[in-house]
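Reading through the structure tokens given below for one structure.
The basis for the numbers below is simple: all heavy atoms, side chains too, and nothing from hydrogens, waters or symmetry mates.
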Amino acid sequence: MSLTFHEVKKSFDGVPVLQGFSAEVPLQGLTFVVGRSGSGKSVLCRAAVGLLRLDAGEIALDGGRVDTLPERALQRTREQVPYLVQSPALLDWLTLAQNVALPGGTAAEVEKNLARVGLSALGDKRPAEVGPGVRKRAAIARALMLRPRFLLLDEPTTGLDREAAAQVNATLAELRAQGLGALVVSHDFAAAQTFADTVLEVHRGKKGYHGPAKAFRGLTPLGVE
Amino acid sequence: MSGLLGQSLLVLRKDLLIEWRTRARLNALIFFAIATLLLFSFALGPDTVMMRKHAAGYLWLGLLFSSMLSLGESFRIESENLAMDGLKLIPVDPRAIFLGKTMGNTLLLWLLSLVLLPVTIALFDVTVTLGWPTLVGIFLVGSMAISAPGTVYAAIASHARARDVLLPLLLFPILIPALLAVVKATHLVFEGDLMDQLKSWMRLLGCFAIIYWTLGFLLFPKVLEDD
Ligand SMILES: Nc1ncnc2c1ncn2[C@@H]1O[C@H](COP(=O)(O)OP(=O)(O)OP(=O)(O)O)[C@@H](O)[C@H]1O
Ligand SMILES: [Mg+2]
């Protein structure tokens, strides 16, 4: 059970971003994806759910190609592996509970998933009335409504204060303990060492470090291939 | 999320709310449309018979030009409150995105036509011979006919660098039958329908709308690919 990238290539206006990136990400546990700004971490996530098309290479979920799926079939992929973008993804005129209910499902499920991210008490607040950390956790709760197999999170703690970031990280660790893994794009190496099982580095368009989080010692220097 | 219709209404509601929050844009659109009508009436001079005869055409040309602005915007406003990607990631059915956006564009155009109507009556000295309900109905079907291909092509053009030029280039040729039918129908409501032609023009307009709503519904998932 894995999300695999095979020889993935993608350029924008002739500028190569991914240049033959290959990696196998298990659907269990937390994999933190690190790399310099602009190295293509978000591009990897977007390609994995079909928000952009590859120039070459393959992406597969449990052996089934996702990079070639037509738009309507991608809906299913986006339910199985929800991608949480960095920017807020809540509708500001709905309450948090209503936002969580958007993918459909019963009131009981909404309750349950709000509880899973520790927001039982805040369901009837609007996004503007709570902090960015709470909004992020509400977005996670909404993704949980899809009964996902795995989560993709793009910098869930960037821009949060330390306390809010700790709560988001704790939520991810909790979900992991319940058996739901995630790929987390992050610049927070300390969190990677504390929470992640595996660190996967994007380096010069290819895979850099890929191994246990405990052994990760920082980004590969730019001069090194 | 539950049901195609529920999703479509979500998209519609989101777009209308954004439209409402950026009312200044809406006002600008209305003034642009009125200015177009004024220019047409100046260009024609004081010939009242001519003016009356061509009023329906000028009204719909004014609406068409304004719709180029509003259609183009309908994919640019995707910045706050769930961008297009946000909708895809909920995930909302791409067909619901088409329905919601097309409904929104229809409502906007319909509203605009209702605002322009009194202006047309005042400027071109026309009378609503066949009654208001018929006219308002024609405006609705006409707005629907322009909005469906308009939404599809606005989505296509939104990827292009020269989208402001591209949209009318793509759209105008396609809209010719619809424009012809809706102008004739409107004209008949103004001038009276002695030869009983209104039905056939409305049939043409209705068919056009149905065909493009269906095509848009079926093809929109393709249009949204690789955004
Ligand atoms: N749609 C696009 N059009 C053009 N260029 C793009 C597009 N998406 C990404 N890029 C470029 O691809 C490169 C990688 O972008 P990406 O967002 O994946 O970086 P990142 O690793 O996520 O960086 P960050 O840590 O800053 O989020 C950047 O140079 C960016 O400018
Ligand atoms: Mg990024």
With a 4.5 Å limit on heavy-atom distance, are the side chains of [X] and [Y] in contact?
{"X": "Trp93(A)", "Y": "Lys14(B)", "result": "yes"}
{"X": "Leu10(B)", "Y": "Leu91(A)", "result": "yes"}
{"X": "Pro94(B)", "Y": "Leu74(A)", "result": "no"}
{"X": "Leu89(B)", "Y": "Leu51(A)", "result": "yes"}
{"X": "Ile90(B)", "Y": "Arg142(A)", "result": "yes"}

Heavy-atom pair with the smallest gap, counting every atom of [X] and [Y]:
{"X": "Arg46(A)", "Y": "Asp85(B)", "answer": "NH1-OD2, 2.9 Å"}
{"X": "Lys222(B)", "Y": "Pro70(A)", "answer": "NZ-CB, 4.3 Å"}
{"X": "Lys88(B)", "Y": "Arg78(A)", "answer": "O-CD, 3.3 Å"}

For atom [atom1] of [X], is the number of surrounding heavy atoms from other residues, nucleotides or ligands below 6.0 Å larger than 12?
{"X": "Arg65(A)", "atom1": "CZ", "value": "yes"}
{"X": "Glu129(A)", "atom1": "CD", "value": "yes"}
{"X": "Phe31(B)", "atom1": "CZ", "value": "no"}
{"X": "Glu174(A)", "atom1": "CD", "value": "no"}
{"X": "Lys207(A)", "atom1": "NZ", "value": "yes"}
{"X": "Arg161(B)", "atom1": "CZ", "value": "no"}
{"X": "Trp110(B)", "atom1": "CH2", "value": "no"}

Item to check | Nearest-0.5 Å distance, CG of residue Asp92(A) to CZ of residue Arg21(B) | outcome: 4.0 Å

Checklist entry - For Pro82(A), is it the side chain, the backbone, both, or neither that has a heavy atom closer than 4.5 Å to a heavy atom of chain B? => result neither

